[in-house]
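Fair warning: this is a prediction, and the values are worked out from it, not measured in the lab. Per chain, numbering begins at 1; letters A, B, ... match sequence-line order.
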Amino acid sequence: MGINPSGHNEAGTETVQLRDVTTTINGVEWSGRVAIEEVLLDLLRTRIRLTGTKRSCESAVCGACTVLVDGQPISSCAFLAFEIDGRSVVTIEGVGSDAGLDPLQEAFVRNLGAQCGYCTPGQIMSAKGLLLRSPTPTDEEIREWMSGNICRCGCYSAIATSIREASDASTERG
Amino acid sequence: MTTPVDAIPPASERPEPWSGERADTLAKVTGKAKYLDDLDPPDGTLHAAALRSPYSHARIVSIDSSKAEAYPGVRGVFHRDRLDGLDAHLPIVEHHLGLKPWEKAKGLTGEQHLIAVDKVRFHGDIVAMVAADDLRTARAAAGMIEVDYEVLSPLFSFSDAIAPGAPILHEDLGTNVAFEDSLEWGDLEAGFEMAETIVEGEFSAGNVYHHPMEPATSCLVRYGESSIDVWTSVSKAFSIEPHVAALFGVAPEQVRVQIPDIGGGFGAKQLAPSMLIALALSRQTGRPVRYLVTNEEGFRSNSRHAMVYRGRMGIDGLGQIVALDVDLEVDTGAYYTGATIATHNACISAWGCYKIPAFRVRARAAFTNKVPAGPFRATGKTQTTFAVESLIDVAARRVGIDPTEFRRRNVIQRGEYITDTWRVRGEEFSAKTTPPMDSDFEELIERAVDAIGWDGVSATQPRFDADTTVARGRGLALSFRHGSQGGGRTYAMVTVDRDGKVRVLHNAPDLGTGVYNMLRIVAAETLGLPVDAVEVAFPDTSNRLSFEGTSAQRTTVQMGRATQDACENLKRELAIAAFQVFGGAAEDWTLVDGRVSRNGVSYSLGEVVSGFQGHVTLKALGSYSYAPSEDKAFGGLDHWAPGAAAAEVEVDLETGEIRILRYGAVADAGKAIHGPSTHAQVLGGAVLGIGISLFEDLIYADGQLLTSDAIQYRLPTMRDIPPHFVSSLVENEDGPGPFGSKGMSQTSIPCVAPAVANAVADAIGVRLTDTPFTPEKVLRATGRLGS
């Protein structure tokens, strides 16, 4: 964005309104000032350098920029950054851990749920949101829920299989 | 670091590599994969924004950029009056089949300009670009540039473009015809005289956009004195340097192109003038420049050619096709970009996959005021395959033979040549420099109909009457295209360091298809190593390992073979190294199970390399060349790439909606080097095919491109996948690639539109002739909606 802490752009030609924000991103507290029109996608990618969340349609259609805010999947390209104040954000970097992958990630690897991979973080975040809400979704629920995530490589069958397998894995663990 | 190679289990205890986890997936599921937009730009990088034409056709009267230039934070402005001494006319690069558009044009003027000079010719043509300290400033400044346009009437179709009195888009050419092509063989007149039945049909395919999820044509560039650096995602790493060299008057070798992970391509990821403009701004400002396009700008970077195919087919009394005459109209958009390659590819696929004694196709490509069209998955062939496979069904039904049976009777058989000689644009060549048919359509047909649980027999009467609201039908389609075509000479290099890791260096960008994983398997199998002992580098042209590019289904065969060759040479290099380090004679040392062995003593690769004093990296080069050919139809071809698909559809006669219930796609992979990736290519091509057959459409009206964002342009989602959706691979290990592999990634997309159209005809007896098959078109075709 190029907005400095006093609310001016670097050239000093514009002044924008700023908000103080305190939030948790992938379990780590983050505080800072954000311009009121700054979208969460830019905050994550440009300022915090969490580049796993992808920029694509920038109109809340394709799902590539999906992250979880308080467990709900949202399109970060159309979500104002200041709205995360007091809430918790999870991005693809917060899924799984050094100790091991999340069952969804494992299933995507096993079933080749990604080809070019550009939509994959968004697919996984949407699927996370689905499994948080409905741990054992039906095939129809999966299709309906995931229809907001475009995969131009056409991996839809493998993605659906991966979500089904990950939901089975979560069921098995009780 | 210790060598992981020491720990390798014997080959018999290792998981087989052909279907294991893919090397690149882990980074993709964890968000660690680095695409262009994710790279840390060098210090001091400026951000660029473009000013694009709001009109499809207009003369530029004046450009006033004074406000933008005075705006704080702006470092550079580039437009026709700020060219810094550069020539805005881009040079034409000759196509390897000798298709020279300027033979017709007799000049260098119809080619795309670096940046709009006299006119803008499509809605989105770049008029100016600004580089500033931050993106916000760059975009604001671009909006301050005042352009005075004289708006001209736009041309949005081939027929408009060639109509008498039509405005000429490139005045110096004196015509809107961009290119003419033809291919013919046999005696057409005699062929039609033998025909007992003649069928005719006209089929249209509209403009569509590839829509890679990573928007096309972004770049990060740095114009330096000693090196000109370009980071971008393109399918052809070496396509950029000749243009940069010509524009700036530098040596091609000064240009270094590096390619990170690529978020899909499908033909859209090509060199674009915007990359050269960004370089010009970097030269002007002395700073690196990053130009990230928006998705809406991506819609203005490339598209598929719209085509109209008019075919006339003669069939004799025995049900044999005896003649086919085709007229093709190609709408190439505003510039030459893909006029020659798409038109030519349409010509060399216009007869489908049938043994036809007399054939002729005449094609004309015209300029229109649309987004320049370029390569699109199975370039030129999605359009012609839709037409010819529809016409085949029309012909079969007319002569009273079941369409599947009619195909079996006429299809080209293994061992047959297409014909003996042909004339390409009037010049005669032997048709036998292309290989004889090397696959069995009979088997592909069998698998396709089996895949949807069909016996292959179509209804002789439509399956509905006046009371029916939903009708079901089934259809078959075949595709046939060149596999592994063209491409000069391909090189790969393999290295081994002290850590024992084998590294493959190359310039075959992976657009998501699994190229790097394929090369890893080829190298590991050739060297007898487990796959995780091999790493595959990202493309970097500073290694000067040439390759035409990841297109035309050539990568598995050409780069696969070059890598295999490099690994064979590395074995010799390892033997020489072992002799030098451990003694004996070089010819005594051999590579057994990934270890360099002699008389029962063996060493890991890392131990051999570490045995040298000081630092040594062992290297071996490998190469591959396709068979040279004077022929101007195919110009060298390694194998054929056939495909087949069967569809079962449901047509709702009330709403006009088509639902695909069952779909089966078949490809001949020769040998699937990585099975899951190969199936994913076949199914993924079919998903793209569903989009362009049922709903994707770039609509131009009122002087504008109307459907140029993900809201207006309907893309296939998970809901559009047929409930039964399967792929099947023929693997006879008879291809020219490593382990008998063949290129197959473009075989499934062309089948979708004709398979669906044939299934709709089977269901309701109505022939759809214009993609996409929207509900409105279905209702019009059935007479339930007035015209």
Side-chain angles (χ1 to χ4, degrees), chain A residues 1-3 9-14 45 49-62 64 91-93 95-96 101-102 104-106 108-122 124 142-160, chain B residues 21-22 24-35 37-38 40 47 71-74 132-137 140 210-215 261-266 292 294-295 511-514 676-677 679-681 683-688 709-711 715-721 725:
Chain A
M1 285 280 283
I3 301 294
N9 66 347
E10 280 161 26
T13 46
E14 289 181 273
R45 287 187 54 84
R49 293 301 288 154
L50 290 172
T51 56
T53 305
K54 294 293 177 255
R55 183 182 70 89
S56 184
C57 79
E58 296 185 90
S59 52
V61 173
C62 78
T91 71
I92 189 67
E93 289 89 349
V95 177
L101 297 177
D102 181 272
L104 262 173
Q105 292 169 315
E106 281 177 354
F108 268 68
V109 171
R110 196 166 54 241
N111 296 300
L112 197 60
Q115 288 195 70
C116 85
Y118 200 80
C119 75
T120 311
I124 290 175
I142 293 172
R143 271 197 295 276
E144 183 64 39
W145 185 275
M146 296 304 292
S147 65
N149 288 79
I150 309 275
C151 170
R152 193 53 158 167
C153 299
C155 299
Y156 292 122
S157 305
I159 293 168
Chain B
E21 288 176 4
R22 204 162 112 172
D24 51 328
T25 317
L26 182 63
K28 289 172 178 174
V29 301
T30 52
K32 292 187 175 119
K34 293 285 181 210
Y35 302 84
D37 200 354
D38 305 330
D40 288 316
H47 300 260
Y71 193 58
V74 171
D133 290 338
D134 61 87
L135 186 57
R136 188 186 176 88
T137 302
H210 320 61
H211 202 284
M213 298 310 292
E214 176 194 37
D261 275 308
I262 301 178
F266 322 106
L292 297 178
T294 64
N295 195 40
L511 296 124
T513 59
S677 297
H679 281 283
Q681 280 294 296
L683 288 179
V687 174
L688 194 48
D709 59 58
I711 299 171
L715 294 155
T717 73
M718 195 181 277
R719 292 203 68 82
D720 298 307
I721 303 309
F725 187 54

Q.
I'd like to know which of Leu50(A), Leu104(A), Ile159(A), Val61(A) tops the heavy-atom pair count under 4.5 Å against chain B.
A. Val61(A)
**Q.** Top contributor to chain B interface from Gly52(A), Ala64(A), Ser56(A) [non-hydrogen pairs under 4.5 Å]
**A.** Ser56(A)
Between [X] and chain B, with a heavy-atom cut-off of 4.5 Å, which part of the residue counts as in contact: side chain, backbone, both or neither?
X	value
Glu106(A)	neither
Leu112(A)	side chain
Arg55(A)	both
Leu101(A)	side chain
Ala160(A)	both
Ser147(A)	both
Val95(A)	neither
Gln105(A)	both
Cys57(A)	both

Check each atom of [X] against the heavy atoms of chain A and say whether the ones under 4.5 Å are side chain, backbone, both or neither.
X	value
Ala680(B)	both
Val687(B)	side chain
His47(B)	neither
Lys32(B)	neither
Asp24(B)	side chain
Thr30(B)	both
Asp709(B)	neither
Pro215(B)	side chain
Ile711(B)	both

Largest heavy-atom contact set with chain A, pairs under 4.5 Å, which of [options]:
options	result
Gly514(B), Pro716(B), Gly264(B)	Pro716(B)
Val74(B), Asp261(B), Leu292(B)	Leu292(B)
Leu511(B), Asp40(B), Asp720(B)	Asp40(B)

[atom2] on [Y] to [atom1] on [X], rounded to 0.5 Å:
X	Y	atom1	atom2	result
Cys116(A)	Met213(B)	SG	CE	8.0 Å
Gln681(B)	Cys153(A)	CD	SG	7.5 Å
Lys34(B)	Thr51(A)	NZ	OG1	3.0 Å
Arg152(A)	Leu715(B)	CZ	CG	5.0 Å
Glu21(B)	Arg110(A)	CD	CZ	8.5 Å
Thr717(B)	Tyr156(A)	OG1	OH	6.0 Å

**Q.** Within-4.5 Å side-chain heavy-atom neighbours: Asn295(B) and Glu58(A)
**A.** no
Q | Side-chain touch Gln115(A)/Lys28(B), heavy atoms, less than 4.5 angstrom | A | no
Q | Nearest heavy-atom neighbours spanning Arg49(A) and Asp38(B) | A | NH2-O, 3.2 Å
**Q.** Heavy-atom closest contact (Tyr118(A) atom, Tyr35(B) atom, distance)
**A.** N-OH, 3.4 Å
Q: Output, in order, the C-alpha distance, side-chain angles, deciding distance and verdict of side-chain contact (heavy atoms from CB on, under 4.5 Å) for Ile721(B) and Arg143(A).
A: CA-CA 9 Å; Ile721(B) 303 309; Arg143(A) 271 197 295 276; over 6 Å; no
**Q.** Step-by-step salt bridge (Lys or Arg N to Asp or Glu O under 4.0 Å) determination, Lys54(A) to Asp37(B)
**A.** CA-CA 9 Å; Lys54(A) 294 293 177 255; Asp37(B) 200 354; over 6 Å; no
